[in-house]
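Basis for what follows: all heavy atoms, side chains included, without hydrogens, waters or symmetry-related copies. Just follow the structure's listing: the first ligand is 1, and inside any ligand the first atom is 1.
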Amino acid sequence: MAIASRTVMEGSPVALSVRPRSDFVETPSVQELTERALAYLEAGFPVHFQGPSGTGKTTLALHVAAQLKRPVILIAGDDEFSTSDLVGGQHGYRYRKVVDQYIHTVLKYEEDSVQRWVDQRLTTACREGFTLVYDEFTRSKPEANNVLLAVLEEKMLALPATNQGEDTYLRVHPEFRAIFTSNPQEYAGIHDAQDALSDRLVTINLDYYERETEIAITVARSSMPAEQATLSVDIVRDFRASGEYDQIPTLRACIMIARVAAMQGLSISVDEPRFVAICMDVLGSKTAFTSQGRERYNTQKEMLLRLIKHYCSS
Ligand SMILES: Nc1ncnc2c1ncn2[C@@H]1O[C@H](COP(=O)(O)OP(=O)(O)OP(=O)(O)O)[C@@H](O)[C@H]1O
Ligand SMILES: [Mg+2]
């Protein structure tokens, strides 16, 4: 087995220097999740945050990655990915026109197809000992992700055969760490993670944060005073609990309602029609214009008005 010494060519991916974001909210429950993940990563095991949309997986993955104080390489899973999109490949083709200075009629074309190896993000992370954040990794086909099996277990990255037909392996840097995220509920465009890969990851299941954390995040991401942000969060949480939605309302809905209302200087009141309209737009039916959808829209509207009246009557 040859151990790789391929030259890293221009065009290789650049790592992000991820600093903890200033509006990241760290309540005790977020801190507990962070510490749990760091304990696994420090012991050399990859971590996988799994949970429905809007539960804070990507934000938490980047936050945990920042704690490791190494450059971060971010990959977003994609159905079109092949192994070479993760690992790299041979690229390069040169084309040159030569005009003879003395004999003007002589024109020469030169083509040069010397192939140069260009690292893709997984290879860079393994070579340099960076932290890999592989967001929504189940959107990529299992065949593309197979290359990760040996990276995570044998700490070896198999590189495709060179022109000379020689397979090479890259020894994974000891500081390489990997954090994965996935959403098992996503209805379309995801693949089942193959058992062999799942078995190598420590999966931490994320659910919607508890009320205090949702309020703290909404305040941090909207600049709305806590007392008013609490009302928006309570409306969203009750609506979520009611089951009367088309699409489950997440933290993003809390942030959207609070940020727009705060920017517009609206009072959080059932008597403020613009606030009520924002709640309807953000939380209401996405299918209002089918006959079934209209009925559902009216039910949702009534329920939302009841909730807004309950929390926001003076
Ligand atoms: N701890 C936090 N501090 C500040 N903002 C947060 C925190 N956690 C989540 N958020 C915010 O909540 C929203 C949803 O978070 P995020 O995008 O991480 O969720 P997700 O689970 O990755 O969602 P999806 O599955 O749709 O990608 C984002 O706007 C994010 O900035
Ligand atoms: Mg995400």
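- The side-chain tip of R240 points at the ring of Y208 from less than 6.0 angstrom away and within 45° of straight on.
- Taking every heavy atom of D23 and a limit of under 4.0 angstrom, the matching atoms of ligand 1 come to 3 (N), 4 (C).
- Under the 3.5 Å distance criterion, with hydrogens and angles disregarded, no donor-acceptor pair is assigned to the side chains of T138 and S182.
- E136 counts as a contact of ligand 1, since one of its heavy atoms falls under 4.0 Å from the ligand.
- Around the Mg ion (ligand 2), protein N, O or S atoms at less than 2.8 Å comprise T58 OG1.
- Minimum heavy-atom separation, R252 to S53: NH1-OG, 3.6 Å.
- Aromatic pair F137/H48: ring centres closer than 6.0 Å.
- A donor and an acceptor atom, one from each side chain of S140 and Y134, are located under 3.5 Å apart.
- An N or O contact shorter than 3.5 Å links S53 to ligand 1 by distance.
- Between the K57 side chain and the P52 main chain, a donor and an acceptor come within less than 3.5 Å of each other.
- One hydrophobic cluster, built from ILVMFWY side chains closer than 4.5 Å, cannot hold both V233 and V282; they sit in different ones.
- For atom 24 (P) of ligand 1, the candidate residues are E26, R252, H63, M256; the nearest heavy-atom contact is made by R252.
- Less than 4.0 angstrom separates some heavy atom of F24 from each of these atoms of ligand 1: 1 (N), 2 (C), 3 (N), 4 (C).
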**Q.** Intermediate values then yes/no, side chain to side chain donor-acceptor pair (under 3.5 Å), S29 and E32
**A.** CA-CA 5 Å; S29 60; E32 192 269 332; over 6 Å; no
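- Against a heavy-atom cut-off of under 4.0 Å, T55 is close to the following atoms of ligand 1: 19 (O), 21 (O).
- Heavy atoms of G54 approach ligand 1 to within less than 4.0 angstrom.
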(Q) Between E244 and R296, is the salt bridge (Lys or Arg N to Asp or Glu O under 4.0 Å) condition met? List the steps. (A) CA-CA 8 Å; E244 284 294 339; R296 186 147 177 76; 3.6 Å; yes
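- Closest approach of L266 to R274, counting heavy atoms only: CD2-NH2, 3.3 Å.
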Q.
Set out, in order, the CA-CA distance, both residues' side-chain angles and the distance that settles salt bridge (Lys or Arg N to Asp or Glu O under 4.0 Å) for D234 and R211, then state yes or no.
A. CA-CA 8 Å; D234 283 341; R211 181 170 176 265; 2.7 Å; yes
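- In terms of polar-atom proximity, L251 is not counted as a contact of ligand 1, lacking any N or O under 3.5 Å from an N or O of the ligand.
- Between V25 and ligand 1, at least one pair of N/O atoms sits closer than 3.5 Å.
- For the residues T58, T218, T34, the heavy atom positioned nearest atom 22 (O) of ligand 1 is part of T58.
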